[in-house]
There are 2 protein chains.
Amino acid sequence: MTGLREKRKEQTRQAIQDAAVKLFNAKSFEKTSIEDIAKQAGIGKTTVYGYFSTKEEIFINYCDDKLDQAFARLQTNDCTDTNLLDRLVDFFMLKFTFVTQNREFGRQLLREMIFPSAVNEKAKPHDQRYFDRLEKLFHCAEENLEISPGQDLFYLSVHFFSLYLGILAGWYTGYLTSLEEAEEGMRKLFRQALEGVAA
Amino acid sequence: MTGLREKRKEQTRQAIQDAAVKLFNAKSFEKTSIEDIAKQAGIGKTTVYGYFSTKEEIFINYCDDKLDQAFARLQTNDCTDTNLLDRLVDFFMLKFTFVTQNREFGRQLLREMIFPSAVNEKAKPHDQRYFDRLEKLFHCAEENLEISPGQDLFYLSVHFFSLYLGILAGWYTGYLTSLEEAEEGMRKLFRQALEGVAA
DNA sequence: TTATAAGCTCGAACACGTTCGACTTTCAGG
DNA sequence: CCTGAAAGTCGAACGTGTTCGAGCTTATAA
């Protein structure tokens with residue numbers, strides 16, 4: 001019965017995770033202490049460190065869950081006949097509204113995702129799926145003759161992702177304050193990218 | 001002699017600032033404690049809080065100084081006849097190498113600049129100068145007939161700044177690991193923006 | 001000049017993330 | 001079964017950012 005230890009371990013891990021999710025949602029990352037989490041999970045605070053080596057790590061795990069949820073909603077849209085610009089704006093605005101829904105959560109998450117404390121190998125599969133989805137979108141556009149053929153679709157994804165980042169930066173630094181402004185800005189940037197600016 | 005208090009206050013403030021700069025350079029933000037700073041400045045650690053309300057605030061101040069230095073170096077380049085792409089890459093790579101010179105410093109700074117804890121009005125003049133500089137660059141390009149006329153130069157600046165952000169994100173998430181890769185990626189993205197991708 | 005208000009300073013204490021060390025439970029081999 | 005090793009648990013303690021409160025210094029005005 002080697003499994004007893006492992007089963008308990010799995011249970012405890014889950015209890016911590018659940019407690020964290022509950023408290024992060026109720027309060028926030030910053031206002032939730034390790035002790036709160038431990039109490040909620042019914043264990044001592046030191047024990048938490050047997051499962052996660054840092055408070056941030058718990059948060060990252062929590063984010064991964066949240067992102068999976070958000071990502072699931074992106075799966076539906078497919079090679080439709082709406083134009084590329086609209087589809088791109090939809091794609092990124094969905095993510096934008098999700099991330100900025102709770103300003104503090106988004107800020108913490110973005111800091112950790114874009115400028116992580118350490119290179120986070122675990123985040124890469126997620127990025128991968130995300131960029132795959134984007135590439136697929138461009139692939140459709142290529143077939144629909146909306147973009148010129150032979151483009152590097154990966155770099156195209158990076159390009160639009162960067163513009164999305166720019167909008168997020170504008171949001172968090174206070175230059176954009178409403179969803180409408182954000183969408184308008186995004187549209188403007190995306191159009192520049194599609195049309196090009198060189199003479 | 002109303003000035004006595006104020007003069008002392010100014011001195012103490014400067015002492016804290018100097019101490020912080022010295023220690024942040026010698027060690028790092030994280031490894032420097034408030035107590036270290038206080039000791040170096042010859043005051044009690046509580047006193048620091050009469051001048052800065054948080055450790056981050058001291059860091060922000062320090063960053064502003066650093067950024068001013070970096071910015072000064074950008075002033076020189078002017079309406080030359082080198083092509084726009086090269087000038088843009090030069091402009092942003094200078095900033096990139098500066099920021100990433102010390103990985104930890106850059107990370108901390110970017111987190112605070114791009115996703116600040118609170119909207120930081122003090123940062124705006126700096127941004128302003130920065131974007132002014134970029135706009136000037138595009139203005140030259142417009143005169144040199146390198147870009148099509150009538151573009152929104154501000155949004156053009158935002159566009160390229162966003163791409164720069166994308167490169168930084170790639171750096172900190174581990175997708176780009178050498179300066180050469182970063183420059184190559186930047187060049188590729190910039191070219192896309194200039195040439196456009198629509199059919 | 002002196003009384004009072006306002007501002008400044010710092011030792012002590014608090015909060016919270018994290019580590020240490022000792023105790024308990026589980027597991028594997030004889 | 002036993003027994004010794006490994007893994008898990010937690011109270012106590014540490015480090016550091018931040019606040020409290022009491023005492024001291026400076027400014028003001030009668």
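Here is the naming used below: chain letters follow the sequence lines, and residue numbers restart at 1 for every chain. Computed over heavy atoms, backbone and side chain alike; hydrogens, waters and symmetry mates excluded. Values in this document were obtained by computation on a predicted structure and should not be read as measured data.
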Open item on the list: Which nucleotide wins on minimum distance to the side chain of A/Thr46, given the candidates D/dC10, C/dC10, D/dG17?
Closed with: D/dC10

- [ ] Indicate yes or no for a side-chain donor-acceptor contact from A/Tyr172 to the backbone of B/Met113 under 3.5 Å, with no hydrogens or angles considered.
- [x] no

Open item on the list: Which nucleotide wins on minimum distance to the side chain of A/Lys9, given the candidates D/dG8, D/dA13, D/dT18?
Closed with: D/dG8

TODO: Would you kindly give the CD-to-P distance between B/Glu56 and D/dT16, to the nearest whole Å?
DONE: 17 Å

Open item on the list: Testing the 3.5 Å rule here: is there a donor-acceptor pair between the side chains of B/Asp18 and B/Gln14?
Closed with: yes

Open item on the list: Aromatic contact between B/Phe91 and B/Phe160, with the criterion being ring centroids under 6.0 Å apart: yes or no?
Closed with: no

TODO: Give a yes or no on whether a salt bridge exists between B/Glu56 and B/Arg111, defined as a side-chain N under 4.0 angstrom from a carboxylate O.
DONE: no

Task: Between P of C/dG17 and CD of A/Glu57, the distance in whole Å - done: 15 Å

- [ ] Between C/dC10, D/dT25, C/dA13, spot the one nearest the side chain of B/Lys45, thanks.
- [x] C/dA13

Task: Test: B/Glu183 and B/Arg187 ion pair at under 4.0 Å - done: yes

Task: Phosphate OP1/OP2 of D/dT9 contacted by A/Tyr51 side-chain N/O (<4.0 Å) - done: yes

Open item on the list: I want to check one thing: is the phosphate of C/dT18, taken as OP1 and OP2, less than 4.0 Å away from some side-chain N or O of A/Thr54?
Closed with: yes

Open item on the list: I need the NZ-C1' distance between A/Lys55 and D/dG17, as an integer number of Å.
Closed with: 13 Å

- [ ] Measure from NZ on A/Lys7 to P on C/dC27 and round the result to the nearest Å.
- [x] 11 Å

TODO: Find the distance B/Ile16:CD1 to C/dT9:P and express it as a whole number of Å.
DONE: 8 Å

Open item on the list: In this structure, how many angstroms lie between the P atom of C/dG21 and the OH atom of A/Tyr49, rounded?
Closed with: 18 Å

TODO: Would you check if the side chain of B/Thr32 reaches a backbone N or O of B/Ser28 as a donor-acceptor pair within less than 3.5 Å?
DONE: yes

Task: Rounded distance (Å) that lies between atom C1' of D/dT9 and atom CZ of A/Arg13 - done: 16 Å

- [ ] For A/Thr100 and A/Leu168, work out which heavy atoms get closest and say how close.
- [x] CG2-CD2, 4.0 Å

TODO: Scan residues 22-33 of chain B against DNA chain D and write down, sorted by residue number, each residue with any heavy atom closer than 4.0 Å; if none is found, say none.
DONE: B/Thr32, B/Ser33

Open item on the list: Measure CZ/A/Arg8 against C1'/D/dG8 and give the value in whole Å, please.
Closed with: 10 Å

